[in-house]
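This report concerns only the one structure given below.
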Amino acid sequence: MKVLLVGGGGREHAIATSIAKSDKVDKLYCAPGNAGIAKVAECVPIGTMDFDALTKFALDNQIDLTVCSMDDPLCAGIVDAFEAKGLRIFGTPANAAIIEGSKAFSKDLMRKYDIPTAKYETFDDPLKALEYLETAKMPIVVKASGLALGKGVLICETLEDARDAVRELMMDKKFGDAGDSVVIEEFMTGREVSVLAFADGRHYKLMSSSQDHKRAGDGDTGLNTGGMGTFSPSPFYTDEVDAYCREHIYQKTMDAMAAEGRPFRGVLYFGLMLTDDGPKVLEYNTRFGDPETQVVLPRMKTDLVEVMEACIDGKLDEIDLQFEDNAAVCVVIASGGYPGSYEKGKEISGLEKFDGADGYYCFHAGTSFSPDGKVVTSGGRVLGVTAVGPTLKKARENAYTAAEWVTFDGAYMRHDIGKAIDAANVE
Ligand code: AMP
Ligand code: GLY
C-alpha cells in the first residue's frame, strides 16, 4: 500500500522508520519530511496545515493511508478534511483532539468523570483570575488553555510570579488566543511518566511507558523545551501503578470521551504524575509524544501500520500489541541557544556512522539539505540519538556513545538523560 505521513520532526522520523519496516507498505511519502526522513520516504514539499494540497496529493497519488500525529493539524481538523474526501487517515478527529487543544475542556472532563488530576479553576476574565490568586496557595500552576507549543505552562513560586503569569497569558497575549482562557491549578510533586495508547474510539492498547526531560540544562535547570531526551520503559511505572491507572484513568477517559459524543481514536498520550496520593493526569495529548516516540517505537514488535488500521476500523481489541523486553534511551542534540534563538545551516558530520549500526538510530528533528546537498541544521532540536540495550543502563551507555558520533558547530546536549534510572535501583 501507499502511505503518506504528515510532518517533519524527530517523532515523524521515528514513525516513518516503523512504517517503512512494515511488509504492507510499498511506498512511503512524507510531507514535508526532513533530510533524515528522506532516507526512508519520498519527501514532498507541502505544509502540514495545507489540507487542500495534502488531500489533493493523497487523491492524485492514490494514497491508501495517511498518518498525522501533530497537534495543530489534528486540532484544526485534518482527519475530518481527509474523511470528507473519502480518504483513510490515522489520527484524531477535531472533536476529540480538543482533549489536547483545550485544557479547560480536558480539566472539566476529568472533574465530571472523576478522573484523578490536580484541583483547578478556569478563568476567561483576567481580573477574576487575579482575584482568585490572592487567597490561593503557592506554588501554583498557571496554564494557557489552548495550544502553545508546550510553553504555555508557568509554575509560579510566589503570588507575584502568578500575577505576572496571568498578565502575560491573558492580557499581553504571549501565546495569542491560547491564553483567552487559563487554567489555574494546584502544584503537584512526584515523578512524571508518559504513557501512550492506541485508541479506536472504544478500546485502547497501551504502549510501553517512557519519561521525558523537559528542561534545557543538566539537573533539570534552565528553560522548558520540547524535550531534551527520553528513556523507556519507566522503572517507576510499576504493575501497581499500571493497575491503578487502568482502573481510574485509561478506560474512564475513553468512556468519558465516548459519552460526550467525542469517541477518541488515534494516539492518546497520558502525561501522568505519580504523587503520594496516587497517579494523577497532568495533561492529555492527542498524538505521539516527541521525543517519547523515539524510544517507544524502536521497541515495538507489532507492525505499526496494522495497529493504525485497526484503530481506524474499530478493531483494536483484535490486536496483540507487543514490545521487546529491552530498553531505549534518546539523547537530543540541539542547536546552541535553543530554546532561545539559535543559528541554522550548520553542516552535520558523522551521520554515516549510523548506517548499518543495529540498535542505533539517529532521528532527524531539525535538518534540511543545503543547496550543494549537504545535511545541515534547520531547527532548535536537530537530532535525537536513540540506542536500545538489554537494560536501561546499557541503553543509556549506548546512546551516549552514539551521541558522540555526530556533531555540528554549536551542538549541545544534556549529559544526564536517564538520571532517574540510578534512583530506581534497576539495571
Ligand atoms: P503540561 O503541558 O500541562 O503537561 O505541563 C508541562 C509540564 O509542567 C509538566 O510536564 C510538568 O512538569 C509541569 N506541570 C504541569 N502541571 C503541573 C502541576 N499541576 N504541578 C506540577 N507540575 C506541573
Ligand atoms: N514530549 C512531550 C510532548 O510531546 O508533548
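Atoms within a ligand are numbered from 1 in the order they appear, just like the ligands themselves.
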Going by the atom numbers of ligand 1, which of them fall below 4.0 Å from some non-hydrogen atom of E192? 9 (C), 10 (O), 11 (C), 12 (O)

Answer with yes or no whether G226 contacts ligand 2, where contact means a heavy atom under 4.0 Å from a ligand atom. yes

With a 4.0 Å cut-off on N to O distance, would you call K419 and D220 a salt bridge? yes

Validate the cation-pi geometry between R381 and F363: distance from NZ or CZ to the six-membered ring centre under 6.0 Å, angle to the ring axis within 45°. no

With a cut-off of 4.0 Å, which atoms of ligand 1 are near a heavy atom of F187? 20 (N), 21 (C)

Ranked by distance from atom 4 (O) of ligand 1, the top protein heavy atom is E283 CD, 2.9 Å

Could you check whether K128 pairs with E131 (Lys NZ or Arg NE/NH1/NH2 to Asp/Glu carboxylate O, under 4.0 Å)? no

Ligand 1 atoms nearer than 4.0 angstrom to some heavy atom of E185 are 16 (N), 17 (C), 18 (C), 19 (N)

Would you please determine whether G227 falls within less than 4.0 Å of ligand 2 on a heavy-atom basis? no

Part of L282 with heavy atoms under 4.0 Å of ligand 1, whether side chain, backbone, both or neither: both

Per-residue contact class, E186 against ligand 1 - non-hydrogen pairs under 4.0 Å: backbone

Test of understanding: given a 4.0 Å heavy-atom threshold, classify the contact between I155 and ligand 1 as side chain, backbone, both, or neither. side chain

T230 side chain to S210 side chain, donor-acceptor N/O pair below 3.5 angstrom: no

Check each atom of ligand 2 against the heavy atoms of N285 and keep those under 4.0 Å away; list them by number with element. 5 (O)

Pick, from Q211, E292, R287, H213, the option with the minimum heavy-atom distance to atom 5 (O) of ligand 2. R287

Sub-4.0 Å atoms of ligand 1 with respect to non-hydrogen atoms of K143: 3 (O), 15 (C), 16 (N)

Under 3.5 Å: N/O of K214 near N/O of ligand 2: no

Pairing of E306 and K24 as salt bridge, 4.0 angstrom limit: no

Numbering the atoms of ligand 2 from 1, which are under 4.0 Å from a heavy atom of G289? 4 (O)

Contact check, Y269 vs ligand 2, heavy-atom distance below 4.0 Å: yes

Ligand-side contact atoms (ligand 1) for residue partner K103, heavy atom cut-off under 4.0 Å: 1 (P), 2 (O), 3 (O)

Check each heavy atom of T230 against ligand 2 and say whether those closer than 4.0 Å belong to the side chain, the backbone, both or neither. neither

Ranked by distance from atom 8 (O) of ligand 1, the top protein heavy atom is V153 CG1, 3.5 Å

Measure from NZ or CZ of R11 to the centre of the six-membered ring of F288, then state whether that distance is under 6.0 Å and the direction lies within 45° of the axis. no

Near D212 (heavy-atom distance under 4.0 Å), the atoms of ligand 2 are 1 (N), 2 (C)

Kindly indicate, with the supporting measurements, whether the criterion side-chain contact (heavy atoms from CB on, under 4.5 Å) is fulfilled by Y269 and E100. CA-CA 9 Å; Y269 169 129; E100 173 169 4; over 6 Å; no

Any salt bridge between R88 and D313, counting N to O under 4.0 Å? yes

If you measure from each non-hydrogen atom of R11 to ligand 2, which part falls under 4.0 Å: side chain, backbone, both or neither? neither

Result of checking Y204, F264, Y284 against F270 for ring-ring contact (aromatic ring centres under 6.0 Å, His included): Y284

Counting C-beta onward and ignoring hydrogens, is there a side-chain heavy-atom pair between V406 and F408 closer than 4.5 Å? no

Heavy-atom neighbours of D239 CG exceed 12 at 6.0 Å: no

Candidate list V67, V25, L297, test side-chain contact (heavy atoms from CB on, under 4.5 Å), partner L304, passing option: L297

If you count the non-hydrogen atoms of other residues, nucleotides and ligands that lie under 6.0 Å from CD in E134, is the total more than 12? yes

Please say whether M188 places an N or O atom under 3.5 Å from an N or O atom belonging to ligand 1. yes

